[in-house]
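Taking it in order: structure first as structure tokens, then the write-up.
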2 protein chains.
Amino acid sequence: MATLKDVAALAHVDVSTVSRALNNKAYVHPETKRRILKAVKQLGYAPNLVAKSLRQGKRHTIGVVVPSINISIFGEIVQGMEEQARNLGYSILISNTMDDPQIERECLARMRTGLVDGIVIASTGENMRLLADIASENIAIIQIVRNQSPQFDCVAADYYECGYEATQYLVKLGCRHIGLINGHGHIRPYEERYQGYKKALAKAHLQEYVVAASKDGSQYFEDGYQATKELLKMVPSLDAIMVATDLQALGVIRAVKKAGLSVPEDVRIISLTGHPVGATLETAMTSMQVPSREMGECATKLMIERIESEDHSAIRHQQIVFQTMLMTRETT
Amino acid sequence: MATLKDVAALAHVDVSTVSRALNNKAYVHPETKRRILKAVKQLGYAPNLVAKSLRQGKRHTIGVVVPSINISIFGEIVQGMEEQARNLGYSILISNTMDDPQIERECLARMRTGLVDGIVIASTGENMRLLADIASENIAIIQIVRNQSPQFDCVAADYYECGYEATQYLVKLGCRHIGLINGHGHIRPYEERYQGYKKALAKAHLQEYVVAASKDGSQYFEDGYQATKELLKMVPSLDAIMVATDLQALGVIRAVKKAGLSVPEDVRIISLTGHPVGATLETAMTSMQVPSREMGECATKLMIERIESEDHSAIRHQQIVFQTMLMTRETT
DNA sequence: CTGAAAGCGCTTACAG
DNA sequence: CTGAAAGCGCTTACAG
């Protein structure tokens, strides 16, 4: 690739003048500018972004740290992020942690070494100290989906309301024994959804039946399957199951059918992290749809605002909350 | 973050000595080295990778350009790539083109500006000239899934065999009117699968029934749904449908059921780009499973080999072909 | 309006 | 075994 120097030589000016002309940083004589642009065109010059980064201390790159992008709500979030970033002249550096704190630590350590201006993370919650260290080095941190600490910005959905509304909907349909298959551990979305569920049940004077999915991320079919077997053993009269994700819900459907029951006649099912794909399933999934693409776009916009506003530390942290939307389909 | 200079000051040596000690580039007196390492530890020093990149002309970053990572085989491929890259000390810069040649062009132009050492791409096929230009600038190019041009390395599956084997399997089951819902345009996997299908049908003296999915990427439910309606109108006695992806297959199932037919009794269905999620669907999907994770890992390994072997142009191009595996499940 | 110089944080010949 | 110097490709005060 041609460099600034090549352009400068061809246009018979100093590199600094070329730089100014290309960045519109100061007046450059129109005639000079014309010559420069001609040279740029002739050489097919494009600035070396790495050199620019080193000099300006800005990478125009955002790190994204998520459990998994494969068959998960994060796939759509990342896609929204990437599109928005591209439109605003940024790139996306991505890491999948599989919810393993050790991998998360490695990814963060790497990103910290000047690779990114900011990090958008759905964290395990085990590396909050490291995150704080990174933030103190003027790398912006934004949490997505999982609001693990109030000390950082966060873009998430209203999980309490999500749990509350889903439960109330099932109650209105006449369900009296509503099970909740919830994620494992101190992940905020799980806790808040549980609180919403609890509140709605109390209001209807119903009892709660909760099973935690296995501890390794809870995104999978097997979790839904096993948890449902447990629930059905515990509560033979179960008439509804609320479950964290669409994929788990597939496990729920299979377990319910295997028990000789049918969906939705005997057991109604609702997924609490609805993905558009739910509409296309064989028995279309009723779910609380999460606006994942919009959340990704929002996180990117907020991130770029943070990055470009210089004084990170002075800014008050924002908690942006999206509403989920009940999509009634065939499983209820 | 601390810099080399800080470490050098604390250890009372020159920055060059620190650099050598940390990179094991030359003998450094053990005692000096000890002092340096102590200083590194004390300051929590980690090298600035951007500066290193600029100096060495290596980015330790791989660009990935794919149609979409959301609910697609590419999600798993990218995950495999990312894990492998992380283990080998590389990062992944990702772009989703949505199969739009214009977006693809933008992404490539951006990556070209010093951001990456190499690009792994599942291309639209519309920017091959640009790709060749980029390759000539010593940025390695590896094609994944879509072998659009023999002038670059490629990691793909054996699509011909995939189409052939799937068809033959259906023939053995007794199917006599086998439809193929294929992707649109000159995308190699589609063309090769069609050839395999054609060959197997000819061998069994059967007629072919082919419908192309809509032209916008063919990854979607709606494509499968519409194409199936068309096929059923065309061939009322249809008894099997081969379709490009699991997600399209969901559309096929819905259309078949809507026509009052059942799966697999009346119509058997097989997906030609099987994803593990197929096993979890309500009617588990028979499919030709593509080893997507392994393909991603392989592409990354090959890429890093290329990058680190200096003389790109001299190397013969490799075409690495993975076998697909028939997974018989409930839709057949 | 433009040039010369310094510097971002590293690495790497070149001396010694 | 180690230091001083140059340079990767840019940007940005500082003069003029």
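Keep in mind it's a predicted model, so treat the numbers as computed, not measured. Letters A, B, ... mirror the listed sequences (proteins, then strands); counts begin at 1.
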Nucleotide C/dC1, atom P - distance to CZ of A/Arg34 in whole Å: 16 Å
A/Asp153-A/Gln319 side chain donor-acceptor pair, cut-off 3.5 Å: no
Nucleotide D/dT11, atom C1' - distance to CG of A/Leu22 in whole Å: 12 Å
Stem list, DNA chain D (Watson-Crick or G-U pairing under 3.5 Å, at least 3 consecutive pairs): C:1-3 with D:14-16, C:5-12 with D:5-12, C:14-16 with D:1-3
Sub-4.5 Å side-chain heavy-atom contact between A/Val65 and A/Met111: yes
Contact letters for nucleotides 2-9 of chain C, in which S counts primed atoms plus P, OP1 and OP2 and B counts the base, heavy atoms under 4.0 Å: BBB-BBBB
B/Arg110 side chain vs A/Gly89 backbone, donor-acceptor pair below 3.5 Å: yes
Donor-acceptor side-chain pairing of B/Thr97 and B/Glu104 below 3.5 angstrom: no
d(CG, B/Asn24; P, D/dC1) in whole Å: 13 Å
side-chain hydrogen bond (donor to acceptor under 3.5 Å, both in side chains) assessment of A/Asn87 paired with A/Lys301: CA-CA 10 Å; A/Asn87 293 338; A/Lys301 262 192 289 194; over 6 Å; no
Pair A/Glu83 + A/Arg293: basic N to acidic O under 4.0 Å: yes
Pair B/Glu126-B/Thr124, side-chain hydrogen bond (donor to acceptor under 3.5 Å, both in side chains): steps then yes or no: CA-CA 5 Å; B/Glu126 305 286 321; B/Thr124 59; 5.5 Å; no
Test item: side-chain donor near acceptor, A/Gln79 and B/Asn70, under 3.5 Å: no
